[in-house]
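Working notes, structure below.
Letters A, B, ... mirror the listed sequences (proteins, then strands); counts begin at 1. Note that this is a predicted model, so its numbers are computed, not measured.
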Protein chains: 2
Amino acid sequence: MNEEKALRDRGIKVTPQRIEILSVLKNTREHPGVDQIYSQVKEIFPAISLATVYNTVELFTQEGLIQEIRLARGFSRYDGSVGSHPHITCLKCGKVEDIEELKVEMLASSVEKSTGYEVLKEEIMYFGYCHECKRLDN
Amino acid sequence: MNEEKALRDRGIKVTPQRIEILSVLKNTREHPGVDQIYSQVKEIFPAISLATVYNTVELFTQEGLIQEIRLARGFSRYDGSVGSHPHITCLKCGKVEDIEELKVEMLASSVEKSTGYEVLKEEIMYFGYCHECKRLDN
DNA sequence: GTGGGTGCAAATAATTTGCATTACT
DNA sequence: AGTAATGCAAATTATTTGCACCCAC
């Protein structure tokens, strides 16, 4: 869509690789990791390097274009939807899903009041077994 | 106190290193990382190795004796208080605190209902600036 | 034209693992 | 005695960085 505009609006230099990485993230609900982004972008830019993907998702995260979801130690995934919302991940199949239904807006201000912190960011993550994986026993 | 009993009750082999590591975690509110646990235990067992600390906190986490708090990529801290409760960390000084006041028990069951997952674990983490660090401008 | 981005390979850093030795039950 | 834990050092793995070349502005 307008990934190029999103970059230009923030004064980020526009490159085809960046447009493609942003596009991948904006057009999936899969919450891909760096490897998955890399594989997908590679189909269009076979020469792209993993380092570029790492650098780019880091830049986009700083700029608030995407958000990082930190799963188990040593593995992050990325979400093109940037509003703060909880996530849930299946401990068996590894899938990550958004939880739209859970309203948590009021929690942050309650936290500010009770802790005296200025709150900038929240991460609400649930871990369990998804419907599919529950069915297959365990 | 009764760290030895806590280990024995779970059928975990009791060693002085394990008692000491558990004791460190049960007697602080600092949410120390592996390095901090290592330094502190080293005062009593100068020969202890980092690997032992890593292995032990992993074991204790599995056994539910402590809980892991995953901060930025590549850094975990540990909490001797094992009930599920939110945490808040200061982006400037790195301190981690418990948020006792925030009641989140009802959220998990609401998540189970809306997602169809069987929820086993939750992580609720806030990031911001603590009272101290806010005062020093920036 | 110039500064910043990309691709490559080497470097980093937290964590883990293999193995010989030592300690718990 | 037998099994499992410890300490050490080497291995692992996600991520990062240095650098030469190329591209967007």
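Pairs engaging residues 97-109 of chain B under the side-chain hydrogen bond (donor to acceptor under 3.5 Å, both in side chains) rule: A:Tyr117-B:Glu97, B:Arg29-B:Glu100, B:His31-B:Asp98, B:His85-B:Asp98, B:His87-B:Asp98 [sequence neighbours left out].
Proximity of A:Tyr54 to the phosphate of D:dT15: a side-chain N or O atom is located under 4.0 Å from OP1 or OP2. The phosphate of C:dG7 has OP1 or OP2 within less than 4.0 Å of a side-chain N or O from A:Gln17. At C:dT6, one or more side-chain N or O atoms of A:Arg18 fall inside 4.0 Å of OP1 or OP2 (strictly under the cut-off). Using a 4.0 Å cut-off, some side-chain N or O of B:Thr52 falls inside it from OP1 or OP2 of D:dG7.
Distance B:Glu68 CD to C:dT16 C1': 14 Å, rounded to the nearest Å. Going from atom CG of B:Leu7 over to atom P of C:dA23 covers 19 Å, rounded to whole Å. Rounded to a whole Å, the CD atom of B:Glu58 is 17 Å from the C1' atom of D:dT6. If you measure from atom CG of B:Leu50 to atom C1' of D:dA10, you get 15 Å, rounded to the nearest angstrom. Computed from coordinates, the B:Gln62 CD to C:dT15 P distance equals 15 Å when rounded to whole Å. Computed from coordinates, the B:Phe75 CZ to D:dT16 P distance equals 16 Å when rounded to whole Å.
Not one N or O on the side chain of B:Ser110 forms a donor-acceptor pair closer than 3.5 Å with the backbone of B:Met106.
Contacts between residues 32-46 of chain A and DNA chain D, defined by a heavy-atom separation below 4.0 Å, involve no residue at all.
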Atom pairs and distances, side-chain donor-acceptor, residues 12-21 of chain A, under 3.5 Å, sequence neighbours left out:
| from | atom 1 | to | atom 2 | distance (Å) |
| --- | --- | --- | --- | --- |
| A:Thr15 | OG1 | A:Arg18 | N | 3.2 |
| A:Arg18 | NH1 | A:Lys13 | O | 2.9 |

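Residues forming a side chain to side chain donor-acceptor pair (under 3.5 Å) with A:Ser49 (at least two apart in sequence, or on another chain): A:Thr52. Residues satisfying the side chain to side chain donor-acceptor pair (under 3.5 Å) test with A:Lys5, not counting sequence neighbours, are A:Asp9.
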The contact string for nucleotides 17-25 of chain D, one letter per nucleotide 5' to 3', using protein heavy atoms under 4.0 Å with B, S and - for base, sugar-phosphate only and none, comes out as B------SS
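In this structure, A:Ile124 is a member of the same hydrophobic cluster as B:Ile88, with clusters built from ILVMFWY side-chain heavy atoms closer than 4.5 Å.
Between A:Tyr38 and A:Leu50, the shortest heavy-atom distance links the atoms CE1-N, 3.5 Å. Shortest non-hydrogen contact noted between B:Lys26 and B:Leu65 is NZ-O, 2.9 Å.
A donor atom on one side chain and an acceptor atom on the other are found under 3.5 Å apart for A:Glu58 and A:Gln62.
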